[in-house]
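Notes follow the structure.
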Amino acid sequence: MNLGARSSDDPAAPPLRSDAERNRARIVAAARMVFRRDGLNASMSSVAREAGVGIATLFRRFPTKEELVAAVFADRMDAYVDAVGVALDDPDPWRGLAGFIETVCAMQAADYGFADVLTMTFPSAKALEERRDQAYGGVVQLIGRAKAAGRLREDFSTEDLVLMHMVTAGVVNATGDAAPDAWKRVVALMLQSFEAPARGPLPDPPEPRALYKAMLRASQACSASAEPERKD
């Protein structure tokens, strides 16, 4: 199922000069490497060093860390949306949902930065958040289908998927290359707990507004690691 047009971090931006475009490409490639390795708490200066540019050059191209995050993870968010579409195309509702969860958690495990992206929200990164919203609509359908098929516990909520992303990000960041496959056991445990019939009642999920506040606070803390010094 196609859930919409693929994203662009700034579709209305005018074309750049060739040297400016080269600098931009170097910065995005460097940020992708740094964020994948160190997560979104990596500093802007570490990205500039990896790209071989001055911090002022980086800030001219990306005045805020959110803008850089949006450029780096546009393709990952597209892949996230695609994973929802693949799951919706599966005729088996439970297999579709479980496959989606396994795919997305594997994406988190492969990229510490993307693991963080799924636990945060970036209000000024409009294209990134639009793609997240598109995915959310599909996830609601996945959950509804699995419940209707009697395979997903009735008290499961969309907030549980956000909590799952937070758990996976925490495990991935804690275990790193010391136990790189530990996340797989955690995901298997979570999937078994999601499946119907439920063994017992659950506490109420967090309110959507409270969870959004937590995600926003995490992204603001991440943005605070962008140093204000912009001297070359």
Side-chain angles (χ1 to χ4, degrees), residues 1 3-4 7 39-41 64-66 69-70 73-74 76-88 93-94 96-105 107-108 113-173 183 186-187 189-196 198-224:
M1 179 178 289
L3 295 183
S7 61
L40 295 190
N41 283 324
T64 69
K65 197 172 188 180
E66 281 198 4
V69 167
F73 293 103
R76 292 289 79 203
M77 192 58 76
D78 283 340
Y80 181 71
V81 175
D82 289 346
V84 178
V86 169
L88 286 171
W94 173 252
L97 177 62
F100 166 73
I101 289 172
E102 290 167 346
T103 295
V104 173
C105 290
M107 291 169 64
Q108 288 186 277
F114 191 64
D116 289 339
V117 166
L118 293 185
T119 70
M120 301 177 184
T121 187
F122 305 92
S124 67
K126 302 299 185 185
L128 192 76
E129 292 303 327
E130 284 172 7
R131 291 300 269 166
R132 193 199 303 267
D133 289 345
Q134 289 170 356
Y136 177 81
V139 167
V140 170
Q141 293 181 57
L142 285 174
I143 291 172
R145 292 195 326 160
K147 286 183 178 180
R151 297 297 307 279
L152 178 64
R153 56 186 302 153
E154 281 296 325
D155 54 359
F156 186 89
S157 74
T158 53
E159 288 74 37
D160 291 321
L161 277 183
V162 179
L163 295 176
M164 180 200 71
H165 291 323
M166 291 177 171
V167 169
T168 304
V171 170
V172 166
N173 280 286
W183 67 272
V186 174
V187 171
L189 287 167
M190 287 191 288
L191 282 172
Q192 290 181 35
S193 72
F194 298 161
E195 200 167 2
R199 296 289 298 272
L202 294 173
D204 291 338
E207 291 292 329
R209 182 174 295 182
L211 205 51
Y212 177 83
K213 182 179 179 181
M215 295 172 72
L216 183 61
R217 184 171 57 197
S219 67
Q220 290 170 338
C222 153
S223 295

Practice task
Report the C-alpha distance between Val162 and Met215 in whole Å, list the side-chain angles of each, state the deciding distance to 0.1 Å, and finish with yes or no for side-chain contact (heavy atoms from CB on, under 4.5 Å).
Solution key: CA-CA 9 Å; Val162 179; Met215 295 172 72; 3.9 Å; yes
Problem - salt bridge (charged side-chain N to carboxylate O under 4.0 Å, His left out) contacts in which one or both residues fall within residues 133-151, not counting sequence neighbours - result: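 Output for this query lists Arg151-Glu195.
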Problem - Min side-chain heavy-atom separation Ser223-Thr64 under 4.5 Å - result: no
Handout entry: Test item: Tyr80 and Leu118 side chains (from C-beta on) under 4.5 Å apart, heavy atoms
Key =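 Heavy-atom side-chain distance check passes, below 4.5 Å.
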Looking at every non-hydrogen atom in both residues, tell me the closest pair between [X] and [Y] and how far apart they are.
X: Gln108; Y: His165; result: NE2-O, 3.1 Å
X: Gly150; Y: Ala196; result: O-CB, 3.5 Å
X: Ala87; Y: Leu142; result: CB-CD2, 3.6 Å
X: Leu40; Y: Asp116; result: N-OD2, 2.9 Å
X: Val81; Y: Ala135; result: CG2-CB, 4.0 Å

Can you list the residues that meet the side-chain contact (heavy atoms from CB on, under 4.5 Å) rule with [X], with sequence neighbours excluded?
X: Val139; result: Val84, Phe100, Ile143, Leu161
X: Ala218; result: Met120
X: Pro205; result: Ser157, Glu159
X: Val187; result: Ile101, Glu102, Cys105, Thr168, Trp183, Met190, Leu191

Practice task
Not counting sequence neighbours, list each pair that qualifies as a ring-ring contact (aromatic ring centres under 6.0 Å, His included) and has a residue in residues 113-147.
Solution key: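 Checked against ring-ring contact (aromatic ring centres under 6.0 Å, His included) - neighbours excluded - no pair reaches residues 113-147.
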Handout entry: Met77 CE to Asp82 CG distance, which is reported to the nearest 0.5 Å
Key =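 Reported value, rounded in 0.5 Å steps: 12.0 Å.
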Completion exercise
To the nearest 0.5 Å, atom CG of Leu216 lies from atom CG of Leu211 at 11.5 Å
Practice task
Output every pair passing side-chain hydrogen bond (donor to acceptor under 3.5 Å, both in side chains) with a member in residues 117-127, not counting sequence neighbours, ordered by first then second residue.
Solution key: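 Applying side-chain hydrogen bond (donor to acceptor under 3.5 Å, both in side chains) to every pair that reaches into residues 117-127, excluding sequence neighbours, yields Glu66-Ser124, Thr121-Glu129.
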Completion exercise
So the side-chain hydrogen bond (donor to acceptor under 3.5 Å, both in side chains) pairs with at least one residue in residues 201-217 (sequence neighbours excluded) are none
Exercise for the section: Output all residues satisfying side chain to side chain donor-acceptor pair (under 3.5 Å) with Arg153, sequence neighbours left out; order by chain, then residue number. Expected result: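 Only Asp155 meet the side chain to side chain donor-acceptor pair (under 3.5 Å) criterion with Arg153.
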